[in-house]
Participant: 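Provided herewith is a single structure, encoded as structure tokens, for subsequent inquiry.
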Amino acid sequence: MDLIRIIFAIILPPLGVFLQVGLGGAFWLNILLTLCGYVPGIVHAVWIIAKR
């Protein structure tokens with residue numbers, strides 16, 4: 001299941017975070033990071049998925 005989340009995190013970072021933690025603070029932070037730049041959103045999403 002983590003592989004699917006990581007694939008979603010690369011394609012659409014907030015979706016990968018949402019599948020991992022739901023509508024928590026990490027999700028909203030990831031949306032902000034993705035809007036600031038696509039790469040920071042990906043890095044944050046993969047970090048959140050790998051951490052849990």
Participant: I'd like to know if L29 and L23 are part of one continuous hydrophobic network [Ile/Leu/Val/Met/Phe/Trp/Tyr, side-chain heavy atoms within less than 4.5 Å].
Facilitator: no
Participant: Working to the nearest 0.5 angstrom, can you tell me the gap between I6 CD1 and Q20 CD?
Facilitator: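 Here the rounded value is 9.5 Å.
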Participant: Considering non-hydrogen atoms only, spot the tightest contact between A26 and V21 and give its length.
Facilitator: CB-CG2, 4.1 Å
Participant: May I ask you to test the Y38-P13 pair for a side-chain heavy-atom distance under 4.5 Å?
Facilitator: yes
Participant: With a sphere of 6.0 Å drawn around CZ of F27, does it hold more than 12 non-hydrogen atoms of other residues, nucleotides or ligands?
Facilitator: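 Enclosed.
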Participant: Just verifying a value: how many Å separate I49 CD1 and L3 CG, rounded to the nearest 0.5 Å?
Facilitator: 10.0 Å
Participant: Please say yes or no: joined through hydrophobic side-chain contacts below 4.5 Å, possibly via intermediate residues, are L35 and W47 part of one cluster?
Facilitator: yes
Participant: Indicate the atoms forming the closest heavy-atom contact of V46 with A9, along with that distance.
Facilitator: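 Of all heavy-atom pairs spanning V46 and A9, the closest is CG2-CB, 4.3 Å.
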Participant: Would you confirm whether N30, through its side chain, and V17, through its main-chain N or O, come within 3.5 Å as a donor-acceptor pair?
Facilitator: no
Participant: Do L12 and L32 share a hydrophobic cluster, counting only Ile, Leu, Val, Met, Phe, Trp and Tyr and linking them when any side-chain heavy atoms are less than 4.5 Å apart?
Facilitator: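 As far as the 4.5 Å side-chain criterion goes, L32 and L12 are not connected within one cluster.
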Participant: Can you measure from CZ (F18) to CD1 (I48) and round to the nearest 0.5 angstrom?
Facilitator: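 It is 15.0 Å, given to the nearest 0.5 Å.
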